[in-house]
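Presented below is the structure to which this report refers.
Reminder, nothing fancy here: chain letters follow the sequence lines and each chain counts from 1. Note that this is a predicted model, so its numbers are computed, not measured.
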There are 2 protein chains.
Amino acid sequence: MGVLEKVRTRSPKTAMAEPRAALPLDTILQGDCIAHMRALPTASVDMIFADPPYNLQLGGDLNRPDGSHVDAVTDEWDKFDSFASYDRFTRDWLAEARRILKPDGTIWVIGSYHNIFRVGATIQDLGFWILNDIVWRKANPMPNFRGTRFTNAHETLIWASMGEKSKYTFNYRSMKTLNDELQMRSDWEFPICGGPERLKKDGHKVHPTQKPEALLYRVLLAATHPGDVVLDPFFGTGTTGAVAKRLGRRWIGIEREGVYIDAATQRIAEALPLDESSLRTMQAPKGTPRVAFGTLVENGMVAPGMVLTDAKRRFQAVVRADGSLACGVETGSIHKLGATLQGAPSCNGWTFWHHESEGRLQAIDTLRQTYLLATQP
Amino acid sequence: MGVLEKVRTRSPKTAMAEPRAALPLDTILQGDCIAHMRALPTASVDMIFADPPYNLQLGGDLNRPDGSHVDAVTDEWDKFDSFASYDRFTRDWLAEARRILKPDGTIWVIGSYHNIFRVGATIQDLGFWILNDIVWRKANPMPNFRGTRFTNAHETLIWASMGEKSKYTFNYRSMKTLNDELQMRSDWEFPICGGPERLKKDGHKVHPTQKPEALLYRVLLAATHPGDVVLDPFFGTGTTGAVAKRLGRRWIGIEREGVYIDAATQRIAEALPLDESSLRTMQAPKGTPRVAFGTLVENGMVAPGMVLTDAKRRFQAVVRADGSLACGVETGSIHKLGATLQGAPSCNGWTFWHHESEGRLQAIDTLRQTYLLATQP
DNA sequence: AGGTTATATGAATCCAACA
DNA sequence: GTGTTGGATTCATATAACC
C-alpha cells in the first residue's frame, strides 16, 4: 500500500509532450500511454476512465454453426508474453494514473475475466479504495457457438477512489433519478455498440472493441461534475471524449494508433454539447419491462433541454441530463416534480407531463410505449 | 504455472482426520479447512465449491436511516491483517484444492469486490484456467443506506478448470433447458436467501452469508454428474451439501464452527433426494451413441444409388456402397462433401443432406433417429 | 411504399475420438 | 505426441434484399 509516498519526481527529460504545468485539455496525445502520463502534472485530473487491453489469449479460429468466421480480436496491442508482463504493464500505468489523479478523484477500469482480476488486485495493492464493481450486462452478447461454456454476457468495471477517506464525487440524486427513483444498482444493462453509433470505414469496424456511449454517459454523469477533467489513457475511437463533450466535461485522450485517432477526432468534432443535441437514436436496452424515464434520456429518445408541460399548460419544466426535471427552483423526477407543483402527495409523471409533437401535446407515456414496442419482442 | 509438480507429500503427522486413501463422503469435517484438505487424497474430487471469507473492511458500525443496526459481517473469521495475509491464506487453500481435484475437475469460488480480484488472480497464478465469471444478480439486495455508492447488487463467481486442455463437465443441454431453450448466460438472477430457507436460531440468522439453494442447484447441475463428489471447504450451514443430496451428488464439507455444523447436519438430514427419473431427465442427451452413415447403408435403410440434396436443392449427390457420397468429381463423407460443396470449413452432413420422402425433403438425420429408436433399449 | 425474409456480426481464452 | 475425421453448435440486432 501507500504508493503515493514513493512517487519520484522525474527529470524533465523523461517528459515527452507538454511540460507538466499545463493540462492539454480536449486533446488526443499520440503515443505510449505511460510515457504521456508521466508528462502530466501530479494531482491534476478529476477522473480517469481506462479500457486497457484485455489480454484475451485466444486460440485458433472459431466458426459459427453456419460456417461463417468469427472476426476475433487479434490485434498486436492485445498480446502479452505472460501474466507477469501483463501485471508489470498494469502496475505501471495504474501507478501513473494514481499520481495524476486529484486526491478526491476516482478511476474507472473496464475488463473481462481475462484481465479484470489482475487489474483489481493491482488497484488494491496500489492503495486505491474500491467503491463498487459494476457489471455491464450485454443485451446482445455473442453466443457461445460450441456450447462449451456459459455465454460470456457481461464485462466488469471497477470504480475506485484514491483512498478510504477520499471525498469522491457521486451524484446520487442523478443516478436515482436516472433509474426512476430507485437507487442505481451495480448491474447495468446496455446493448453492445452497433448500428449507426459504431464507427466504420470501408464497411469494416474501425475499432474491434468500441464501447457504447450509453455506458460512458452513465459513468461520467455519476462520478464527475460539469467542467471536470477526464483522462482516458486508452482512448481508442474516443467514446470517452465524445460523451465528455456532450456532457460538458473536459477530456484528455492518449492513443497510439493513428487510425483510431483520426476516427476519434472527427467523431468528437461532430459531437454536440447537450442543449444543442437533438433526438438521436441509440440502440435501446431490452429486458426490463419497467422503463425508467432516465433510460429514455440515456438512449437519446428524450434530449436534455426538452420542454415538458402538463395537459393544461399550467406548468413548464425542462429535462435535465440525468432525467430529472427543473421548473424554476423546483427540481425532481417526473413524478416528484409533478406532485410538488400540484401540491399533491403523488403524481404519475408519465401521464402528467406532455411534450409538443406534430403541433399538439402528447403525454410522455407515448414515448415509453414507443420504447417498449421497439424493445419488446 | 504448473503448481501440481510442486505439491509435496506430507508426513502422516500433518494429516488430521482420515488417511488419504479414503474419501469421507457425505460428511462434515470439523476444523481448519487447509489442515483437513491436506488429509484428502490427491486427484480425488470432481468439483469444489468454495465461499471463502470475504475480507470485508467495514469501518465501524453501520446504521440504517431509521437508526436500526445493520447486522454486518463482523465475525472474527472475517478479519485479516492485510491483503498480504489474505493472499497467503487464499494461495494456501487454493493450492490444496488444486491438488485434491481430479484432472478434469472444476472449481467454483464466490466472492465480492472485496476479495474476488485477489482470489481470481491467485486462481490464474496457480495454473487454473478460468472458464467463466458468473454474476449473481440479487433480486433484492440491501440498499446503500447512506447513498454514497451504487447499490451493491451482485456477487461474482469464478468457474475454472485445472488447465487449458482439461475435459471439464458442462451440461450444456441442462442449462439450455433450464433457461427456456436459450443458452444460459453468465448473469444469473436469484433472490438473496431468506424466508423459510434461511436458517434461524432464536430468531437470529445462524450464518451471516447463507447462500440460496437455487444458486448451488444451478452450479451443481451445470458442472457435475450424478454420483460426482463435491467438496466445500467453507461449508457454513451446508447449502452445498443439501443441494448435492437433492441432486444425487456426493459431498464433503469442512467447517470450523460447531454452530454451523449442527445446523447443517440437521438441514441435510431433512433434505429429500430427487428420484432417479427426475435426475435422469435433467441429464444431457450426450450419451447417445455415434452412428456412422455407412451403418444405415449396411442395414438397408439407405440404398446405394439414392440421391441426396441440400434443403435448397442447390447440390445433388449419390450414395455409394461404402456410405460415401459422390457429386461429379467431388467425393467424400456426408460431412466432408457438404463442406467442400459449400466452401465451408465444416458441415454437419446429417442436417445438411436431405432425401425425398412422401413428396417432400427430409433431413437424413431423421433416418438416424429412426435407427437409434429401433436399436436402443 | 410498406412489410417480410435473408444475411451479417459482436472483447471468445469455443470439440472429441481415434489412428 | 500429432494429424485426421466425425459431427455438434447460435442470440440479438442491424442491414440488405425481396416481395
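- To the nearest angstrom, C1' of D/dG7 lies 17 Å from OH of B/Tyr371.
- In this entry the base of D/dT4 is anti relative to its sugar, with a glycosidic angle more than 90° from 0.
- A salt bridge links A/Asp71 with A/Lys205: the closest approach of a Lys/Arg side-chain nitrogen to an acidic carboxylate oxygen falls below 4.0 angstrom.
- Stacking of B/Arg98 on the aromatic ring of B/Phe128 is recorded, both the 6.0 Å distance cut-off and the 45° axial limit being met.
- Salt-bridge annotation for B/Lys167 and B/Asp104: absent, with no side-chain N of the basic residue lying under 4.0 Å from a carboxylate O of the acidic one.
- What separates CH2 of B/Trp350 from C1' of D/dT5 is a distance of 15 Å, to the nearest Å.
- C/dC14 sits 22 Å from D/dA12 when the P atoms are compared, rounded to a whole Å.
- With both ends at atom P, the span from C/dA12 to D/dG7 equals 30 Å, rounded to whole Å.
- For C/dA11, its base never sits under 3.5 Å from the side chain of A/Lys138 at any donor and acceptor pair.
- Taking only side-chain nitrogens and oxygens, A/Ser112 never comes nearer than 4.0 Å to OP1 or OP2 of C/dA11.
- For the pair B/Arg185 and B/Cys347, nearest-nucleotide mapping onto DNA chain D gives the more 5' position to B/Cys347.
- Base pairing analysis places D/dT15 opposite C/dA6; the two distances defining the Watson-Crick or G-U wobble pair are each below 3.5 Å.
- In summary, A/Arg256 and A/Glu76 do not engage in a salt bridge, as defined by a charged side-chain N under 4.0 Å from a carboxylate O.
- Comparing the C1' positions of D/dA17 and C/dA1 gives a spacing of 16 Å, expressed to the nearest Å.
- Across the P atoms, D/dT15 and C/dA11 are found 15 Å apart, a figure rounded to whole Å.
- Here, D/dT13 and C/dT13 have their C1' atoms 25 Å apart, quoted to the whole Å.
- At a threshold of 4.0 angstrom between heavy atoms, the contacts of A/Asp51 include nucleobase atoms, whether or not backbone atoms are also involved.
- Mapped onto DNA chain D by nearest heavy atom, B/Ile334 and A/Arg64 fall at different nucleotides, with B/Ile334 at the one closer to the 5' end.
- For B/Arg368 and D/dG7, a side-chain-to-base donor-acceptor distance below 3.5 Å is absent, hydrogens and geometry of angles not being considered.
- Taking the six-membered ring for Trp and thresholds of 30 and 60 degrees, A/Phe235 and A/Trp251 have nearly parallel ring planes, at less than 30 degrees apart.
- Where stacking is scored as ring centres under 5.5 Å apart with planes under 30°, A/Phe145 does not register as stacked on the base of C/dC14.
- Summarising the base pairing, C/dA12 is matched to no nucleotide, lacking a Watson-Crick or G-U wobble pair whose two defining distances lie under 3.5 Å.
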